[in-house]
Amino acid sequence: MSAAWCVIPAAGRGLRFGGELPKQHLEVAGKSVLAHTLDALLSHPRITGAMIALAPGDTRWPPGFDSMHGKPVRVCAGGVSRAASVANALAALPAEVVADAPVLVHDAARPNLAFSDLDALFAALDAHPAGAILAAPVRDTLKRADAAGDILSTEPRESLWRAFTPQAFPRAELSRALAAAAAAGIEATDESMAMTRAGVRVRLVEGREDNFKITTPADLAHFAYLVSQR
Ligand SMILES: Nc1ccn([C@@H]2O[C@H](COP(=O)(O)OP(=O)(O)OP(=O)(O)O)[C@@H](O)[C@H]2O)c(=O)n1
Ligand SMILES: C[C@](O)(CO)[C@H](O)COP(=O)(O)O
């Protein structure tokens, strides 16, 4: 039963959210979104450390805040894209995270991660070490729109899933796949895109729908409500 470090891309500017402060630093119930996310990850016994990719010069993560739940928390410089931030964080991991060690990549902007989802992801990884991600099957009818915002077509939704995070892969293989995608000029919007491009079979693990990404102010209000009901 392998343990894993997590990598947390937290270097985004939150342009779709708006406002001065990037959304990962906004507070809910006295804690930043990033701290909620870190708490959800490091409270799981199989996660042994965290590497946070912050925008260069972003000192909002309290300097010297180097542990949570008795586990190490490290910070590195993010990159110009989410994929670059993840690649930087993988390269910054300590030597104890050996090449074939699993690493979980989880968006700082997904603070409502459930312990049960982490259990399910680790169970899948134990059975399929090549890689696994949390996701949910598409259950709504999908429409393609024209420039005016009118329906162009209805798209088939059979076998379509929405990818969430964490996404878990062996450290070295993930680094290589991200580098290969970047070298091909492909911006991998998630880790599984790079890994499947590299020929790896990635296991989908059905996760909770409330593991949503905070992208807009309405998402933050939704998360704040959920926290108030805990
Ligand atoms: N250069 C980047 C861009 C994004 N992220 C992180 O990747 C996660 C998911 O990205 P997204 O929700 O798109 O965040 P932003 O890029 O900040 O949002 P926007 O696209 O609205 O600017 C976030 O935790 C974000 O901080 C990152 O680490 N480095
Ligand atoms: C990684 C991700 O959260 C999976 O759905 C998503 O691809 C991030 O996209 P974003 O545009 O960087 O928020």
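FYI, side chains are in, hydrogens and waters are out, and symmetry mates aren't considered; it's all heavy atoms of this structure. Index from 1, following the sequence. Atoms within a ligand are numbered from 1 in the order they appear, just like the ligands themselves.
The only member of Ile52, Thr165, Leu174, Val103 that meets side chain to side chain contact (heavy atoms under 4.5 Å, CB included) when paired with Val7 is Val103. Each of Thr215, Thr216, Asn211 was checked for a side-chain hydrogen bond (donor to acceptor under 3.5 Å, both in side chains) with Lys213, and the lone residue meeting it is Thr215.
The same ILVMFWY cluster, assembled from side-chain heavy atoms under 4.5 Å apart, contains both Tyr225 and Leu220. When the side chains of ILVMFWY residues are joined at heavy-atom separations under 4.5 Å, either directly or via intervening members, Phe164 and Met193 end up in two distinct hydrophobic clusters. Cluster membership check: Val97 does not share its hydrophobic cluster with Leu42, using side-chain heavy-atom separations under 4.5 Å among Ile, Leu, Val, Met, Phe, Trp and Tyr.
If you look at Ala11 next to ligand 1, the close heavy atoms, those under 4.0 Å, come from the backbone and the side chain alike. Contact annotation for Met193 and ligand 2: no heavy atom of the residue comes within less than 4.0 Å of the ligand. Here Lys213 has side-chain heavy atoms under 4.0 Å from ligand 2, and that is the only part of it that gets that close. By the criterion of a heavy-atom distance under 4.0 Å, the backbone of Arg13, and not its side chain, is placed next to ligand 1. At a heavy-atom cutoff of 4.0 Å, ligand 1 is contacted by the backbone of Val80 but not by its side chain.
At a 3.5 angstrom cut-off on N or O pairs, Asp107 counts as close to ligand 2. Below 3.5 Å of separation, one finds no N or O of Thr215 facing any N or O of ligand 1. Taking any N or O of Phe17, backbone or side chain, none lies under 3.5 Å from an N or O belonging to ligand 1. Checked by distance only, ligand 1 and Leu15 come closer than 3.5 Å through their nitrogen or oxygen atoms. At a 3.5 angstrom cut-off on N or O pairs, Arg110 counts as close to ligand 2.
Taken to the nearest 0.5 Å, the CG atom of Leu104 stands 7.5 Å off from the CG atom of Leu41. Note that NE2 of His222 is 4.5 Å distant from CZ of Phe212, once rounded to the nearest 0.5 Å.
The protein heavy-atom contact nearest to atom 12 (O) of ligand 2 is Arg82 CD, 3.9 Å. Nearest protein heavy-atom neighbour of atom 26 (O) of ligand 1: Gly12 N, 3.0 Å. Looking only at heavy atoms of the protein, atom 5 (O) of ligand 2 is closest to Ala163 O, 2.7 Å. From the protein, the heavy atom lying nearest to atom 8 (C) of ligand 1 is Asp107 OD1, 3.6 Å. Atom 23 (C) of ligand 1 has its closest protein heavy atom at Pro9 O, 3.7 Å. When hydrogens are left out, the protein atom nearest atom 6 (C) of ligand 2 is Thr189 O, 3.8 Å; that is the closest non-hydrogen contact. Counting protein heavy atoms only, atom 1 (N) of ligand 1 is closest to Gly79 O, 3.0 Å. Arg16 NH2, 3.0 Å is the protein heavy atom nearest to atom 20 (O) of ligand 1.
The closest approach between Gly14 and ligand 1 falls below 4.0 Å for a heavy atom of the residue. Using a non-hydrogen distance threshold of 4.0 Å, Lys23 registers as a contact of ligand 1.
With atom 2 (C) of ligand 1 as the reference point, the heavy atom nearest to it among Ser81, Ala53, Pro22 is part of Ser81. Considering Arg82, His25, Arg110 only, the shortest heavy-atom separation from atom 7 (O) of ligand 1 involves Arg82.
More than 12 heavy atoms of other residues, nucleotides or ligands lie within 6.0 Å of CZ in Arg197, so this atom counts as buried by the packing criterion. Sparse packing is recorded around CD1 of Ile151, with 12 or fewer heavy atoms of other residues, nucleotides or ligands lying under 6.0 Å away.
Under a 4.0 Å N-O distance rule, the pair Arg139/Glu206 qualifies as a salt bridge. A salt bridge between Arg46 and Asp126 is present, with a side-chain N of the basic residue lying under 4.0 Å from a carboxylate O of the acidic one.
Residue-ligand proximity, Arg16 to ligand 2, at heavy-atom distances under 4.0 Å covers atoms 10 (P), 11 (O), 13 (O). Using a 4.0 Å cut-off to heavy atoms of Ala109, the atoms of ligand 1 that qualify are 24 (O). Atom numbering of ligand 2 starts at 1 in the shown order; those under 4.0 Å from a heavy atom of Asp190 are 1 (C). Close approach of ligand 1 to Ser85 is summarised as follows: ligand atoms under 4.0 Å from at least one heavy atom of the residue are 1 (N), 2 (C), 27 (C), 28 (O), 29 (N).
Closest heavy-atom contact between Asp39 and Lys31: OD2-NZ, 3.0 Å. The heavy-atom pair separating Met68 from Ala35 by the smallest distance is CE-O, 4.1 Å. Here the shortest heavy-atom pairing between Arg230 and Asn112 reads NH2-OD1, 2.9 Å.
Judged purely by distance below 3.5 Å, without hydrogens or angles, the side chains of Ser153 and Glu155 pair a donor atom with an acceptor atom.
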